[in-house]
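Basis for what follows: all heavy atoms, side chains included, without hydrogens, waters or symmetry-related copies. Along the sequence shown, residues carry numbers from 1.
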Amino acid sequence: MKNKENFVLDLKDTLRSVLVAIISALLFVLIFALILRWASLPDTVITPVNYVIKFLSLLLGIMIGFKHRKNDILKGAIVGLTFMLLSWLIFTAMDGFKSVNFRPLDLVFLTLGGGIIGVIKVNLKGLKRGRAQETA
């Protein structure tokens, strides 16, 4: 029974994190598109900013989405992998499937990054609890 409850909590964390990451990626891309339209930035800026947007979106998704303190590295890796695949599908569909650019490095780095961010998030929660107990 306990395993089923933990699975449901982990699934909720994962889905919440992916949803927040996708929404934040869409917002960041919209803001960046507006900046590109009004500012005269060179095309070489697009790729690095794209990576920053992906990382920040994943970071926000995990930091906001994780509530349950179990399976941190696994949940983070699953969030990174799912976010990468869903964001690739969404942005490719928005382009009308004209330029299908699947980057295997994105798959590797976002999956590893998600695991690392998951560990950091859970440890930050532990630090906050430790400080609260020290002051009490």
Side-chain angles (χ1 to χ4, degrees):
M1 190 67 171
K2 184 80 170 165
N3 287 337
K4 186 177 180 181
E5 291 172 9
N6 284 338
F7 176 75
V8 170
L9 290 172
D10 289 343
L11 184 62
K12 286 180 182 179
D13 279 357
T14 302
L15 293 175
R16 185 182 317 113
S17 297
V18 170
L19 183 64
V20 170
I22 291 290
I23 291 171
S24 62
L26 288 168
L27 289 174
F28 288 146
V29 166
L30 178 64
I31 292 167
F32 184 57
L34 291 172
I35 291 170
L36 278 177
R37 181 157 174 92
W38 291 322
S40 57
L41 298 174
D43 288 343
T44 57
V45 170
I46 294 173
T47 301
V49 171
N50 186 21
Y51 284 113
V52 169
I53 287 172
K54 288 176 187 177
F55 179 76
L56 285 177
S57 299
L58 183 61
L59 181 71
L60 276 174
I62 291 174
M63 290 299 186
I64 292 172
F66 279 17
K67 305 292 183 202
H68 184 238
R69 290 190 64 192
K70 296 269 183 184
N71 303 322
D72 47 1
I73 192 167
L74 180 62
K75 282 192 305 188
I78 290 171
V79 168
L81 175 66
T82 308
F83 166 68
M84 185 272 164
L85 293 173
L86 280 176
S87 65
W88 174 80
L89 181 65
I90 289 169
F91 287 110
T92 303
M94 288 172 64
D95 189 33
F97 296 98
K98 294 175 191 165
S99 60
V100 179
N101 294 331
F102 184 82
R103 295 185 179 114
L105 282 178
D106 284 356
L107 184 71
V108 172
F109 287 130
L110 287 174
T111 303
L112 288 175
I116 292 167
I117 295 169
V119 170
I120 291 170
K121 167 63 176 176
V122 171
N123 286 325
L124 286 177
K125 276 187 172 181
L127 288 175
K128 288 180 185 176
R129 288 185 184 156
R131 287 184 193 153
Q133 290 174 354
E134 288 175 6
T135 58

Query - side chain to side chain contact (heavy atoms under 4.5 Å, CB included) assessment of K4 paired with F7 - result: CA-CA 5 Å; K4 186 177 180 181; F7 176 75; 5.6 Å; no
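Side chain of S24 to backbone of A21: a donor-acceptor contact under 3.5 angstrom is found.
Side chains of M63 and V20 form no contact here, defined as non-hydrogen atoms less than 4.5 Å apart. A 4.5 Å side-chain heavy-atom check between I120 and I116 finds at least one atom pair inside the cut-off. A heavy-atom distance below 4.5 Å is found between the side chains of L26 and M94. A heavy-atom distance below 4.5 Å is not found between the side chains of I22 and S57.
Linking Ile, Leu, Val, Met, Phe, Trp and Tyr residues whenever their side-chain heavy atoms come within less than 4.5 Å leaves L112 and I62 in two separate clusters. In the hydrophobic clustering of ILVMFWY residues, with side-chain heavy atoms under 4.5 Å counting as a link, F83 and I90 come out together. Transitive grouping of hydrophobic side chains (ILVMFWY, heavy atoms separated by less than 4.5 Å) keeps L58 and F109 in distinct clusters. Cluster membership check: V119 does not share its hydrophobic cluster with L81, using side-chain heavy-atom separations under 4.5 Å among Ile, Leu, Val, Met, Phe, Trp and Tyr. No continuous path of ILVMFWY side-chain contacts below 4.5 Å connects L15 to V8, so the two sit in separate hydrophobic clusters.
In terms of heavy atoms, G76 sits closest to F66 at N-CZ, 3.6 Å.
Residue pairs satisfying the salt bridge (Lys or Arg N to Asp or Glu O under 4.0 Å) criterion with at least one member in residues 16-32, sequence neighbours excluded, are listed as follows: D13-R16.
Between the CG atom in D10 and the NZ atom in K67 there is a gap of 14.5 Å [rounded to 0.5 Å]. Separating the CD1 atom in I73 from the CD1 atom in I117 is a distance of 12.0 Å, to the nearest 0.5 Å. The CH2 atom of W88 lies 14.0 Å from the CG atom of L110; values are rounded to the nearest 0.5 Å. Rounded to the nearest 0.5 Å, atoms CE (M84) and CZ (R103) are 9.0 Å apart. To the nearest 0.5 Å, the span separating CG on L19 from OG1 on T14 amounts to 12.5 Å.
Across V29, L36, L30, a single residue satisfies side chain to side chain contact (heavy atoms under 4.5 Å, CB included) together with F32, and that is L36.
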With a 3.5 Å cut-off and sequence neighbours excluded, list the donor-acceptor pairs that the side chains of residues 40-54 form with protein atoms.
{"from": "K54", "atom 1": "NZ", "to": "D106", "atom 2": "OD2", "distance (Å)": "2.4"}

